[in-house]
J.: 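Input: one structure, supplied below.
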Amino acid sequence: MAVSRAPELPLLPGLLTLPCMLLRALAIPEVWQSPHYMVAPEGSSVNITCSASGVLLGVYLRRSWPEPTNVIYYEDEKEPTVDERFRGRIAFSGLQRNLTVTVRGLRLPDNGVYVCQAVTMDAEVQGSGTLLVVTDEAAGTYQETRLVSAVCPVLAISFFLVGLGTGAVCALRTQVKKLCCRKDKSSVSVVYEDMSYSCGNRMPTPNEYQ
């Protein structure tokens with residue numbers, strides 16, 4: 001008597017692993033970072049905000065350029081790790097899902113690209129990055145002085161040209177008025193001369209009764 005065999009299910013292992021793959025995909029976080037670009041003078045402070053979804057173990061703020069450096073590593077309810085070059089200049093606000101890192105007392109070597117990185121059991125996901133440009137305060141004042149020095153002569157020349165144009169218009173109006181007055185006087189003189197000439201050339205009419 002033949003024994004019937006159970007039908008093979010070649011897709012069964014794939015179907016069983018699909019939920020695991022979905023759960024793993026859902027566990028990979030998304031990272032948002034702001035702002036994308038900052039310009040700040042030396043000695044000032046800036047804020048970089050890292051936001052992430054999913055189940056997190058912790059959050060890094062790393063400088064990826066020009067020299068890779070782990071600025072901080074933060075976990076909720078634990079003491080954060082801060083790089084010695086930034087020690088004493090870092091403050092935190094919020095939790096690891098929405099963490100704001102404040103860098104105080106900016107220095108020129110702090111120039112670079114700063115990237116938020118979320119850490120999970122299976123992956124590390126980076127944000128878009130923040131470009132920080134630290135400007136020299138003295139150089140900024142020098143540039144401002146050069147700008148003012150360049151603008152002042154331009155304004156002076158502009159005012160001079162405006163005044164010159166206004167003076168020319170006023171002088172032209174005065175000349176036009178004088179010409180109009182002369183023309184009117186000439187017309188009156190011509191009429192008077194014509195009348196005088198007409199009166200002088202009239203023949204005397206004899207008196208009929210004389």
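What's counted below: heavy atoms across the whole structure, side chains too, no hydrogens, waters or symmetry copies.
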J.: Can you name the nearest heavy-atom pair linking Asp110 to Arg89, along with the distance?
T.: OD2-NH1, 2.8 Å
J.: Between Val125 and Glu30, is there a side-chain heavy-atom distance shorter than 4.5 Å?
T.: no
J.: Given the rule that I, L, V, M, F, W and Y join up when any side-chain heavy atoms are under 4.5 Å apart, are Val46 and Leu61 in one cluster?
T.: yes
J.: For the pair Asp83 and Arg63, find out whether any cationic side-chain nitrogen is under 4.0 Å from an anionic carboxylate oxygen.
T.: no
J.: Angle class for the Phe86/Tyr114 ring planes (parallel below 30°, perpendicular above 60°, tilted otherwise)?
T.: perpendicular
J.: Taking side chain to side chain donor-acceptor pair (under 3.5 Å) as the definition, give me every residue that meets it alongside Tyr74, ordered by chain and number, with sequence neighbours left out.
T.: none
J.: Hey, any chance Trp65 and Tyr37 share a hydrophobic cluster, counting ILVMFWY side chains that come within less than 4.5 Å of each other, even indirectly?
T.: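 Yes, because Trp65 and Tyr37 connect within a single hydrophobic cluster, where side-chain heavy atoms sit under 4.5 Å apart.
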J.: Just to verify, what does Asn111 make a side chain to side chain donor-acceptor pair (under 3.5 Å) with, not counting sequence neighbours?
T.: none
J.: May I ask whether Val103 and Val82 are part of the same hydrophobic cluster, defined by side-chain heavy atoms of I, L, V, M, F, W, Y residues being less than 4.5 angstrom apart, directly or through others?
T.: yes
J.: Give me the atom names and distance for the closest heavy-atom approach of Val115 to Gly129.
T.: CG2-CA, 4.1 Å
J.: Check Leu57 against Gln96 and note the closest heavy-atom contact, atom names and distance.
T.: O-OE1, 3.7 Å
J.: State yes or no: do Val101 and Tyr60 share one hydrophobic cluster built from I, L, V, M, F, W and Y residues joined by side-chain heavy-atom distances below 4.5 Å, directly or via other members?
T.: no
J.: Under a 4.5 Å side-chain heavy-atom rule over Ile, Leu, Val, Met, Phe, Trp and Tyr, are Met38 and Ile72 clustered together?
T.: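 Same cluster: Met38 reaches Ile72 through Ile, Leu, Val, Met, Phe, Trp or Tyr contacts under 4.5 Å.
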